[in-house]
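Computation of the quantities below employed the complete heavy-atom set of this structure, encompassing side-chain atoms and omitting hydrogens, waters and symmetry-equivalent molecules.
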Amino acid sequence: VQLQASGGGSVQAGGSLSLSCTASGIPFHLYAMNWYRQAPGALREFVARISTIGITKYDDSVKDRFTVSRDNTKKTVYLQMNNLNPADTGTYYCNAFGGDTYWGQGTQVTVSS
């Protein structure tokens, strides 16, 4: 099983980034997909989720700025991040949950003020 995340980078506050995470080795359509992030020295925290049928949920800190989506034909989950601020800085991880759970390797997002 592999979850390959990409799309991180460095932007200034107010900018946008789009992350993607492509899965292999699992029946992707049967897994809820989550995004988490971890800032330096902090615990990993939930960011967004999309269920197998496309129901989404967001942490309050990103609501109305981030959008999670999925393409089951490409086995990929996306996270569109708009109006970024320095508090969004961290390593972003995708997670697949379907009874068992798998983690991607993380992609770094840095937002400067």
Side-chain angles (χ1 to χ4, degrees):
V1 177
Q2 187 174 15
L3 299 178
Q4 184 69 44
S6 62
S10 297
V11 295
Q12 290 190 326
S16 298
L17 283 173
S18 181
L19 307 183
S20 62
C21 173
T22 300
S24 59
I26 59 171
F28 181 80
H29 66 288
L30 297 181
Y31 281 73
M33 298 300 297
N34 304 292
W35 287 98
Y36 286 77
R37 67 186 179 191
Q38 188 168 18
L43 297 175
R44 192 170 298 187
E45 63 180 11
F46 169 78
V47 174
R49 172 181 300 130
I50 185 164
S51 75
T52 57
I53 58 173
I55 296 172
T56 59
K57 181 178 180 180
Y58 300 91
D59 182 78
D60 286 346
S61 66
V62 307
K63 201 172 294 183
D64 299 327
R65 299 188 298 121
F66 290 12
T67 302
V68 61
S69 60
R70 66 189 296 160
D71 184 337
N72 289 344
T73 65
K74 296 182 178 179
K75 296 188 176 183
T76 300
V77 61
Y78 304 95
L79 186 67
Q80 177 65 40
M81 306 185 294
N82 298 327
N83 194 21
L84 286 159
N85 60 65
D88 296 317
T89 294
T91 302
Y92 282 68
Y93 298 90
C94 59
N95 163 275
F97 180 77
D100 46 0
T101 188
Y102 302 98
W103 291 91
Q105 86 287 3
T107 185
Q108 179 67 34
V109 171
T110 303
V111 185
S112 58
S113 58

Relative to each other, are the rings of Trp103 and Tyr93 parallel, tilted or perpendicular (30° and 60° limits)?
perpendicular
Are Tyr78 and Leu19 connected into the same hydrophobic cluster when the rule is that any two of I, L, V, M, F, W, Y join if their side-chain heavy atoms are below 4.5 Å apart?
no
For the atom pair CG (Asn72) and CG (Leu30), what is the distance rounded to the nearest 0.5 Å?
9.0 Å
Should the pair Tyr102 and Tyr31 be assigned to parallel (<30°), tilted (30 to 60°) or perpendicular (>60°) ring geometry?
tilted
Please tell me if the side chains of Arg65 and Asn85 come closer than 4.5 Å, counting only heavy atoms from C-beta onward.
yes
Same cluster (ILVMFWY, side-chain, under 4.5 Å), Trp35 and Ile50:
yes
Ser24 versus Lys75: any side-chain heavy-atom pair under 4.5 Å?
no
Distance from Gln105 atom CD to Cys21 atom SG, nearest 0.5 Å?
7.5 Å
pair Leu84-Phe66: side-chain heavy atoms closer than 4.5 Å
yes
How long is the straight-line distance from CD1 of Ile26 back to CG of Asp100, given to the nearest 0.5 Å?
8.0 Å
Sub-4.5 Å side-chain heavy-atom contact between Val62 and Arg37:
yes
Polar side-chain atom of Tyr58 near backbone of Val68 as donor-acceptor pair, under 3.5 Å
yes
Heavy-atom check, side chain of Val47 versus side chain of Asp59, under 4.5 Å
no
Crowded around Gln12 CD? As in, over 12 foreign heavy atoms under 6.0 Å?
no
Distance (rounded to the nearest 0.5 Å) between Arg70 CZ and Arg49 CZ
12.0 Å
When every non-hydrogen atom of Asn82 is compared with those of Ser16, the smallest separation belongs to OD1-OG, 3.0 Å
Between Gln108 and Gly90, the two heavy atoms sitting closest are NE2-O, 3.5 Å
In terms of heavy-atom contacts, Ala5 and Cys94 come closest through CB-SG, 4.3 Å
Rounded distance (nearest 0.5 Å) linking atom CG of Asn34 with atom CZ of Phe46:
6.0 Å
State, with a plain yes or no, whether a side-chain heavy atom of Met81 is found less than 4.5 Å away from one of Val109.
yes
Which atom pair, heavy atoms only, marks the closest approach of Ser113 to Ala13?
CA-CB, 4.3 Å
Can you tell me how far the OG atom of Ser69 sits from the CG atom of Leu79, to the nearest 0.5 Å?
8.5 Å
For residues Ile55 and Phe97: do they belong to one hydrophobic cluster (side chain heavy atoms under 4.5 Å, members Ile, Leu, Val, Met, Phe, Trp, Tyr)?
no
Side-chain donor-acceptor pair present, Thr22, Thr76, cut-off under 3.5 Å:
yes
Working note: Ser6 + Ser20, criterion side chain to side chain donor-acceptor pair (under 3.5 Å); need CA distance, chi angles, decisive distance, verdict.
CA-CA 5 Å; Ser6 62; Ser20 62; 3.0 Å; yes
